[in-house]
Amino acid sequence: MRRSTVTRSEPLLGFLIGSLGLKRRAAKNLLKFSAVTVNGTIIRQFDHPLAIGDEVLVNDARSAAAAGSLENAGVQVVYEDAGLIVVEKPAGLLTVATETDKTDTLFVRLNRYLQGRNAAEPERALIVHRLDRETSGLVLLAKSAEMKQLLQAAWPEVQKTYLAIVIGRPELERGTITSYLIENATLQVFSQDHAAPGGRMAITHYQRLQTRGDFSLLEVRLETGRKHQIRVHLEGLGCPVAGDRRYGAKLDPCQRLALHASSLTLTHPLSGERLQFNSPLPAALGKLFPGLPLTDPQS
């Protein structure tokens, strides 16, 4: 706990860096985790103006505890502002509840963290899109119903890129797969070339990045976002995603589905700023392709 009296007028972030000697990243984390008060009021705005005589209190322990509580839950915040939040979801965690699992989800973990971060002014996160339970990577959430509507309306324009490790090597170095996807009564998704009742058009672009032994690393870009789209399309290509027994994989070298949501690029609905978020291949998958940038070995 550190208490300081302001001796000159300046923005709060500048005070934390200049007068308290904090690194910029550390100062921003303190603000993000509601660990800074000015005259007894929690302030999270980095440009909050300080006046001479203001009392600034920094609670380093609160920041560390808040950050750790979410990281210990296996979720990492990549970006956050007043309107939206981008996180990395680990493999094995549902995005939202299902009929059989309503308690432990990304939605529950993130909202528990947001509400506990500042009990006086609790925040919430709303799901904009989903990843399969077995898929890791970037998930975008809104912090209000209005922002959720804006983000979902613009979702077709959001660039969504995945990294997939597949069994075998595609005949073409790059290509586009277009088909109609249909889900049956057992929730299995099938692909067919022509339109049919219940079928939804799906378009997937892919490019081979590397091949090592039995496996190839593909960069996959979605033009549509249908359930199990990548998994079904790559099975139809003759190169199922490694570890995906549901859709034709006979090998499971990573002990998980080898699919990772690696990049999101979007225009911020309010500021108009172009935002790009990237997530390296988790170490559990990258072991098949040494030399690639990786995330934490536990991913």
Side-chain angles (χ1 to χ4, degrees), residues 25 28-37 41-46 59-155 158 160 225 227 256-257 259-264 266 268-271 275 277-279 282 295-296 298-299:
R25 182 182 182 89
K28 286 188 172 182
N29 278 337
L30 288 168
L31 294 170
K32 180 169 72 172
F33 295 123
S34 303
V36 179
T37 64
T41 301
I42 293 174
I43 302 295
R44 298 181 59 219
Q45 293 76 28
F46 69 90
N59 188 343
D60 304 82
R62 178 188 178 93
S63 173
S69 65
L70 193 61
E71 291 175 1
N72 290 340
V75 180
Q76 293 191 358
V77 176
V78 176
Y79 174 86
E80 182 182 3
D81 62 27
L84 57 86
I85 183 168
V86 178
V87 301
E88 283 192 356
K89 183 187 83 67
L93 179 67
L94 284 167
T95 304
V96 293
T98 64
E99 289 298 321
T100 56
D101 193 340
K102 298 180 182 295
T103 56
D104 189 23
T105 66
L106 173 67
F107 177 81
V108 169
R109 292 186 188 184
L110 183 57
N111 276 285
R112 184 183 297 132
Y113 154 75
L114 289 175
Q115 292 162 14
R117 183 172 70 178
N118 184 0
E121 298 180 14
E123 297 178 287
R124 62 172 179 164
L126 303 175
I127 298 295
V128 175
H129 67 114
R130 307 181 187 192
L131 293 181
D132 292 343
R133 182 203 291 263
E134 303 91 343
T135 303
S136 57
L138 298 172
V139 180
L140 172 66
L141 302 100
K143 295 172 79 175
S144 70
E146 294 77 14
M147 178 61 78
K148 177 180 178 177
Q149 290 180 344
L150 290 172
L151 289 170
Q152 289 186 328
W155 191 244
V158 175
K160 304 165 281 286
K227 179 179 178 179
R256 55 157 288 188
L257 182 73
L259 183 61
H260 181 69
S262 60
S263 178
L264 285 174
L266 64 143
H268 197 291
L270 300 182
S271 68
L275 303 175
F277 308 106
N278 298 295
S279 173
T295 55
D296 188 276
Q298 298 180 352
S299 300

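Note that this is a predicted model, so its numbers are computed, not measured. Index from 1, following the sequence.
Taking 4.5 Å as the limit, some side-chain heavy atom of Thr135 sits within range of a side-chain heavy atom of Leu257. Two residues are said to be in side-chain contact when any heavy atoms from C-beta on lie closer than 4.5 Å; Leu84 and His268 meet this criterion. With contacts defined as side-chain heavy-atom distances shorter than 4.5 Å, the pair Leu275/Leu264 does not qualify. Using a 4.5 Å cut-off on side-chain heavy atoms (C-beta onward), Val96 and Thr105 make no contact. Counting heavy atoms from C-beta on, the side chains of Leu94 and Leu106 never come closer than 4.5 Å. Between Ser279 and Val78, the closest side-chain pair of non-hydrogen atoms is not below 4.5 Å. Between Val128 and Leu126 there is no side-chain heavy-atom pair separated by less than 4.5 Å.
In this structure, CG on Leu93 lies 11.5 Å from CD on Glu134, to the nearest 0.5 angstrom.
Applying the ring pair (Phe, Tyr, Trp, His ring centres under 6.0 Å) test to Phe46 and every residue at least two apart in sequence or in another chain returns nothing. Taking the side-chain hydrogen bond (donor to acceptor under 3.5 Å, both in side chains) definition, one finds that Asn111 meets it with nothing, sequence neighbours left out. Remark: Thr95 pairs with no residue by the side-chain hydrogen bond (donor to acceptor under 3.5 Å, both in side chains) rule, at least two apart or across chains. Legend: residues meeting ring pair (Phe, Tyr, Trp, His ring centres under 6.0 Å) with Phe277, ordered by chain and number and at least two apart, are Tyr79.
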Can you list, pair by pair, the side-chain donor-acceptor contacts under 3.5 Å of residues 136-147, counting residues two or more places apart and other chains?
residue, atom, partner, partner atom, Å
Ser136, OG, Arg256, NH1, 3.3
Ser136, OG, Arg256, NH2, 2.9
Ser136, OG, His260, ND1, 2.7
Lys143, NZ, Glu80, OE2, 2.8
Lys143, NZ, Asp81, O, 3.0
Lys143, NZ, Glu123, OE2, 3.1
Ser144, OG, Met147, N, 3.1

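For Gln76 (side chain) and Glu88 (main-chain N/O), no donor-acceptor pair under 3.5 Å exists by modelled atom type. The backbone N or O of Arg133 lies less than 3.5 Å from a partner atom in the side chain of Lys89, making a donor-acceptor pair.
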Please test Leu110 against Leu114 for side-chain contact (heavy atoms from CB on, under 4.5 Å), starting from the C-alpha separation and ending with a verdict. CA-CA 6 Å; Leu110 183 57; Leu114 289 175; 4.2 Å; yes
I'd like to know whether Val77 forms a side-chain contact (heavy atoms from CB on, under 4.5 Å) with Val86, so could you lay out the CA-CA distance, the side-chain angles of the two residues, the decisive distance to 0.1 Å, and finally the verdict. CA-CA 6 Å; Val77 176; Val86 178; over 6 Å; no
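The two atoms that bring Lys160 and Trp155 nearest to each other are NZ-O, 3.1 Å, heavy atoms only.
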